[in-house]
Amino acid sequence: MHELAITQNILDISLRFAQKSEAKQINYINIIIGELSSMVDDSIQFYWETIAKGTIAEKAIINFQRIPAELICNDCGFSFELSTETFNCPKCNSHKVKIFRGDELMIESIEVE
Amino acid sequence: MKQRISIVENILSANDQMANNNQNIFNEAGIFAINIMASPGAGKTTFIIKTLESLQGRLRIGVIEGDLATSIDAEIVAAAGLPAVQINTGGNCHLDAVMVSNALPALPLEKLDLILVENVGNLVCPASFKLGTHMNILIASIPEGDDKPYKYPGMYRGVEALIISKIDLLPYVPFNMDYFRRGVEILNPNITTFPVSAKTGEGMDAWADWLVEKIKGNS
């Protein structure tokens, strides 16, 4: 449900930058979504058709680059993707691990003409 | 002419900005504000009422209640004799900074030391939206199960304190505290945890004393 608010923000930011460079049309919007940001890309695309209607971003295609949550083991240095079963290191079974990637939620760039 | 414009901006920057405004308003009024998040039924409202009782005479408290459509929670709090304002999100799954900003004029800010904001019951969406509070806390209740940190990691990432609630139910439901705490620790190594039972009162004083110290340190 919060994807609606997210979609509105994506549109606002994209339009602001497009206007600055006097673009006539936004073709692509490139978004980076970390796994821990709990965002559903299908919903964003779904809302887009309603929210962006009548703007220069109406026909934009949204590209989602999904970043998996990654952890690194403080004991053996092994890095691995988050599983929902256990957070232990799959190599040495240590629980001294920390998350270093996966919180991202940003617009990386737009492509305009 | 086709061109690529680099942006690299947080998608929720507009909300973050509004959250900063809220924090400025809190700071000017000398108020410490807390965003309380949890799943539906974790016992947020009961926990708030018990917190109010534990802090009675020590801090002047106001409450902002977020809910989908009803004002049941605000009425419960108001019945306890405290200033309370209800935000109905109209079906929205979370509070955002604008909703909190709109609610502030309904509270007597100059007469308050602490505002408790009860977010909408949800373990996903509220984590993304800053409200401008000084602290985020999460209530995790025993009957929800010990696997919640693993299933909702985002929620455990951004909170400063974790209230493990309904500990009076530990003898009756399967809950592996070590497994639970291990998940929490990895997601959020600096978190402070308070096992409590709002029903029996166990652990409530430790939480209230910690909070009073925290607020002193902030002012």
Side-chain angles (χ1 to χ4, degrees), chain A residues 1-14 16-40 44 69 71 73-74 82-89 94-99 102-113, chain B residues 1-18 37 68 89-99 119-120 122-130 145-158 176 178-190:
Chain A
M1 178 71 204
H2 63 311
E3 279 79 3
L4 180 59
I6 299 284
T7 311
Q8 183 67 53
N9 282 297
I10 294 172
L11 178 65
D12 292 346
I13 295 170
S14 302
R16 176 154 51 84
F17 277 86
Q19 270 157 12
K20 251 194 260 175
S21 64
E22 295 176 359
K24 295 195 172 56
Q25 188 173 313
I26 302 177
N27 295 328
Y28 296 97
I29 299 173
N30 302 312
I31 289 174
I32 296 176
I33 298 184
E35 186 183 346
L36 295 172
S37 72
S38 322
M39 219 52 65
V40 184
I44 292 176
L71 295 87
C73 175
N74 287 340
L82 184 74
S83 112
T84 52
E85 303 300 317
T86 166
F87 292 160
N88 286 15
C89 173
S94 165
H95 63 267
K96 290 181 186 149
V97 300
K98 69 164 188 265
I99 294 172
D103 288 320
E104 300 80 0
L105 178 62
M106 60 162 84
I107 302 188
E108 192 260 333
S109 61
I110 55 175
E111 293 168 45
V112 301
E113 63 182 85
Chain B
M1 190 190 67
K2 289 193 179 179
Q3 61 164 323
R4 185 188 177 96
I5 304 170
S6 173
I7 295 184
V8 194
E9 179 166 323
N10 186 317
I11 290 172
L12 290 174
S13 56
N15 184 70
D16 292 352
Q17 222 161 30
M18 188 50 106
M37 298 178 282
L68 299 181
T89 62
N92 231 330
C93 53
H94 60 273
L95 291 180
D96 64 28
V98 176
M99 296 179 203
N119 216 311
V120 179
N122 184 333
L123 284 185
V124 183
C125 316
S128 305
F129 294 84
K130 290 179 193 161
D146 51 23
D147 58 356
K148 291 298 163 290
Y150 303 87
K151 288 188 170 164
Y152 300 92
M155 179 53 80
Y156 284 80
R157 291 283 281 159
N176 183 334
D178 287 340
Y179 176 66
F180 175 81
R181 280 184 181 271
R182 218 160 40 234
V184 172
E185 198 182 306
I186 288 164
L187 291 166
N188 193 334
N190 299 319

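Lettering follows sequence order; numbering is per chain, from 1.
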Once rounded to the nearest 0.5 Å, what's the spacing between atom CG of A:L4 and atom SG of B:C125?
11.5 Å
CZ of B:R4 to CD of A:E111: how many Å apart, nearest 0.5 Å?
5.0 Å
Using heavy-atom distances under 4.5 Å, tell me whether B:S128 contacts chain A through its side chain, its backbone, both, or neither.
side chain
Step by step, would you call A:I99 with B:R157 a side chain to side chain contact (heavy atoms under 4.5 Å, CB included)?
CA-CA 10 Å; A:I99 294 172; B:R157 291 283 281 159; 3.7 Å; yes
Scanning both residues in full, the closest heavy-atom pair of B:I5 with A:A18 reads CD1-CA, 4.5 Å
Quick check for you: among A:A69, A:S21, A:S37, which has the greatest number of heavy-atom pairs under 4.5 Å with chain B?
A:S21
Straight-line distance of A:F87 CZ to B:I186 CD1, nearest 0.5 Å
6.5 Å
Are any of the side-chain heavy atoms of B:N15 and A:N9 separated by less than 4.5 Å?
no
Can you tell me how far apart CG (A:L105) and CD1 (B:I11) are? Round to the nearest 0.5 Å.
4.0 Å
Count the heavy atoms of every other residue, nucleotide or ligand shown that sit under 6.0 Å from NZ of B:K148, and state whether that count exceeds 12.
yes
Which residue out of B:L187, B:N122, B:V124 racks up the most heavy-atom pairs below 4.5 Å with chain A?
B:L187
Under a 4.5 Å cut-off applied to non-hydrogen side-chain atoms, are B:P189 and A:K98 in contact?
no
CD (A:E22) with more than 12 external heavy atoms under 6.0 Å:
no
Is the CD atom of A:E113 crowded by more than 12 outside heavy atoms at less than 6.0 Å?
yes
Given heavy-atom pairs under 4.5 angstrom as the criterion, report whether the side chain, backbone, both or neither of B:F129 touches chain A.
side chain
Of A:E108, A:M106, A:R16, the one forming a side chain to side chain contact (heavy atoms under 4.5 Å, CB included) with B:E9 is A:R16
Residues in residues 23-34 of chain A near chain B [non-hydrogen atoms, under 4.5 Å]
A:N27, A:N30, A:I31
With respect to chain A, which residue among B:M155, B:E185, B:R182 yields the maximal number of heavy-atom pairs within a distance under 4.5 Å?
B:R182
